[in-house]
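Here the structure is laid out as structure tokens; the discussion comes afterwards.
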Amino acid sequence: MIFYFSGTGNSKWAAKTLALETDDTLVSIPKVINSDCSFTLKKDEHVGFVFPIHGWRIPRIVREFIDKLSLKTEQNEITSVKHYCFCLVTAGDSVGKAMERFQQLLTSVSVGETLSLEAVCSLIMPESYVGLPGMDVDTKEKELSKKKAASEQLKSFSNAVTRHLCADKGQPWGWENIKRGPVPAFFSGPVGGFFERFLITDKYFHVEISRCVKCGICANVCPVDDIKGGLGYEPEWLHNDKCLTCFSCYHHCPHHAIEYGKRTQTKGQYFFNKLSKLS
């Protein structure tokens, strides 16, 4: 079973590709977050988590889901057997200490008693964060290059998961290859804290009415239902503290009618299938 969250499609592609290789059931975290988050596993079934990195940290919706998550056996009892667990994260550049944070999170929640984190992976995917000056989507050439490299890396990781390769020297398989970047503790620490406090918010989003065709796409793609709208209506952000600033609404708008303050006026858009699918 693979639990995943995706904003602009990078993590969804990775999760779907993995599921095809491992014959796993896919579960979208945004679609179940408001349920009791209780799931029944088959005997020896492994459990995976796939999600993007936000501000060098785990997205809030993923943290909330894992805190609520309950896993049971086929006999509908809380399982006492440790299930093989893996985690794959996506990022446009580096992930900092996000995987360490995930490992700590897993050991701090009740479901951690039933899961053994044995394999990890970080995929560097096309950039989608455009919320700060100087940060923009990748060129088409860089986008395709990242997708090609990620596709090859994902093959290796799916092979490791299929074979249930396990921890080496006390850390999960793939631990040393995580793309942490320079000074990872600083980025996942103070910088990540700044992101969560000041930049993960919907208050800067607005619609340019002259370009909006009221198609409703932005409301439909928002993973946390933070946009009031739909076909025939101009979008209206609800300011309900659920926004993840994943920029899914911005990137999917067919007329670039959604802006994030003045920071996105001259920037590009990206979602996984916008250019083309890899063969």
Side-chain angles (χ1 to χ4, degrees), residues 3-13 15 26-37 49-69 89-92 98 127-132 135 137 192-265 267-274:
F3 301 105
Y4 77 95
F5 159 64
S6 185
T8 54
N10 287 334
S11 294
K12 183 177 182 179
W13 164 77
L26 276 178
V27 178
S28 169
I29 291 175
K31 290 183 179 180
V32 300
I33 189 64
N34 293 321
S35 71
D36 63 0
C37 297
F49 298 91
V50 179
F51 54 88
I53 296 304
H54 287 179
W56 295 277
R57 292 186 175 188
I58 306 164
R60 182 178 64 248
I61 191 172
V62 177
R63 299 197 306 264
E64 292 176 352
F65 171 74
I66 292 175
D67 189 54
K68 292 178 64 176
L69 182 60
V89 298
T90 63
E127 184 63 73
S128 63
Y129 187 78
V130 292
L132 284 174
M135 302 187 76
V137 300
F194 176 83
F195 260 80
E196 289 195 341
R197 184 175 180 183
F198 297 107
L199 297 177
I200 299 181
T201 174
D202 63 2
K203 70 179 183 179
Y204 301 116
F205 283 112
H206 65 276
V207 61
E208 293 292 337
I209 297 175
S210 62
R211 298 199 296 267
C212 179
V213 297
K214 303 178 182 178
C215 62
I217 290 175
C218 55
N220 291 336
V221 299
C222 178
V224 290
D225 298 322
D226 184 43
I227 301 176
K228 180 182 178 181
L231 184 61
Y233 296 91
E234 292 173 6
E236 178 183 344
W237 283 263
L238 300 178
H239 307 303
N240 56 12
D241 295 325
K242 291 184 178 181
C243 181
L244 301 169
T245 320
C246 66
F247 285 94
S248 184
C249 57
Y250 164 86
H251 288 295
H252 282 86
C253 179
H255 297 281
H256 208 308
I258 292 174
E259 302 288 5
Y260 192 68
K262 296 182 179 179
R263 305 171 197 176
T264 54
Q265 291 176 340
K267 296 182 178 180
Q269 294 171 290
Y270 166 82
F271 56 87
F272 186 80
N273 287 324
K274 187 176 179 67

| message | Are Ile61 and Pro30 packed together at the side-chain level, in the sense that at least one heavy-atom pair is separated by less than 4.5 angstrom? | response | yes

| note | On a heavy-atom basis, the closest approach of Ile209 and Glu234 is CG2-OE2, 3.6 Å

| Pair listing, salt bridge (charged side-chain N to carboxylate O under 4.0 Å, His left out) test, anchored in residues 250-259, at least two apart | Arg211-Glu259

| task | Only counting residues at least two apart or in another chain, list the ones meeting salt bridge (charged side-chain N to carboxylate O under 4.0 Å, His left out) with Glu64. | result | Arg60

| Where does the angle between the aromatic ring planes of Phe271 and His252 fall among parallel (under 30°), tilted (30 to 60°) and perpendicular (over 60°)? | parallel

| Taking it one step at a time, do Val130 and Tyr260 satisfy side chain to side chain contact (heavy atoms under 4.5 Å, CB included)? | CA-CA 9 Å; Val130 292; Tyr260 192 68; 6.0 Å; no

| So how far is it from Glu236 CD to Asp202 CG, rounded to the nearest 0.5 Å? | 10.5 Å

| query | Out of curiosity, Ile58 CD1 to Phe65 CZ, how far, rounded to the nearest 0.5 Å? | reply | 13.5 Å

| remark: Heavy-atom closest pair (His54 atom, Cys246 atom, distance to 0.1 Å) is CE1-CB, 4.1 Å

| Hey, does the side chain of Lys68 reach the backbone of Ser35 with a donor-acceptor pair shorter than 3.5 angstrom? | yes

| query | When the ring centroid of Tyr250 is compared with that of His256, is the distance short of 6.0 Å? | reply | yes

| said: Just verifying a value: how many Å separate Thr90 OG1 and Trp13 CH2, rounded to the nearest 0.5 Å? | reply: 9.5 Å

| How are the rings of Phe247 and Tyr129 set relative to one another: parallel (under 30°), tilted (30 to 60°) or perpendicular (over 60°)? | perpendicular

| Qualifying residue for side-chain contact (heavy atoms from CB on, under 4.5 Å) with Cys218, from Val207, Asp226, Ile227 | Ile227

| query | Taking all non-hydrogen atoms of both residues, which atom of Thr264 and which atom of Ile258 are closest, and how far apart? | reply | OG1-O, 4.5 Å

| Hey, is the main chain of Leu238 close enough, under 3.5 Å, to the side chain of Lys228 for a donor-acceptor pair? | no

| request: Please lay out, stage by stage, how Gln269 and Val137 fare under the test side chain to side chain contact (heavy atoms under 4.5 Å, CB included). | output: CA-CA 7 Å; Gln269 294 171 290; Val137 300; 5.7 Å; no

| field | Check: Leu132 and Phe195 side chains under 4.5 Å, non-hydrogen atoms | value | yes

| message | Let me confirm one number: the OG1-CD distance from Thr201 to Glu196, rounded to the nearest 0.5 Å. | response | 13.0 Å

| query | Are Arg263 and Tyr204 in a cation-pi contact, defined as NZ or CZ under 6.0 Å from the six-membered ring centre and within 45° of the axis? | reply | yes

| task | Step through the shown structure and confirm whether more than 12 heavy atoms of other residues, nucleotides or ligands are within 6.0 Å of NZ on Lys242. | result | no

| query | What heavy-atom pair brings Ile53 and Ala98 nearest, and what distance separates the two atoms? | reply | CD1-CB, 3.4 Å

| Validation row: Cys243, Trp237 side chains within 4.5 angstrom (heavy atoms) | no

| Where the side chain of His255 meets the backbone of Cys212, is there a donor-acceptor pair that is under 3.5 Å apart? | no

| task | Just do the side chain to side chain contact (heavy atoms under 4.5 Å, CB included) check on Ser28 and Tyr4 with the steps written out, would you? | result | CA-CA 5 Å; Ser28 169; Tyr4 77 95; 3.8 Å; yes

| task | Side-chain contact test, heavy atoms from C-beta onward, threshold under 4.5 Å: evaluate it for Cys249 versus Pro235 and give yes or no. | result | no

| query | Got more than 12 heavy atoms from elsewhere within 6.0 Å of CG, Asp241? | reply | no

| request: List the steps, then state whether side chain to side chain contact (heavy atoms under 4.5 Å, CB included) holds for Phe272 with Ser6. | output: CA-CA 10 Å; Phe272 186 80; Ser6 185; over 6 Å; no

| Closest non-hydrogen atom pair, Phe51 against Ser11 | C-OG, 3.2 Å

| said: When you compare the side chain of Phe5 with that of Ile33, does any pair of heavy atoms fall below 4.5 Å? | reply: no

| message | For Thr245 versus Leu199, what's the shortest heavy-atom pair and its separation? | response | OG1-O, 3.3 Å

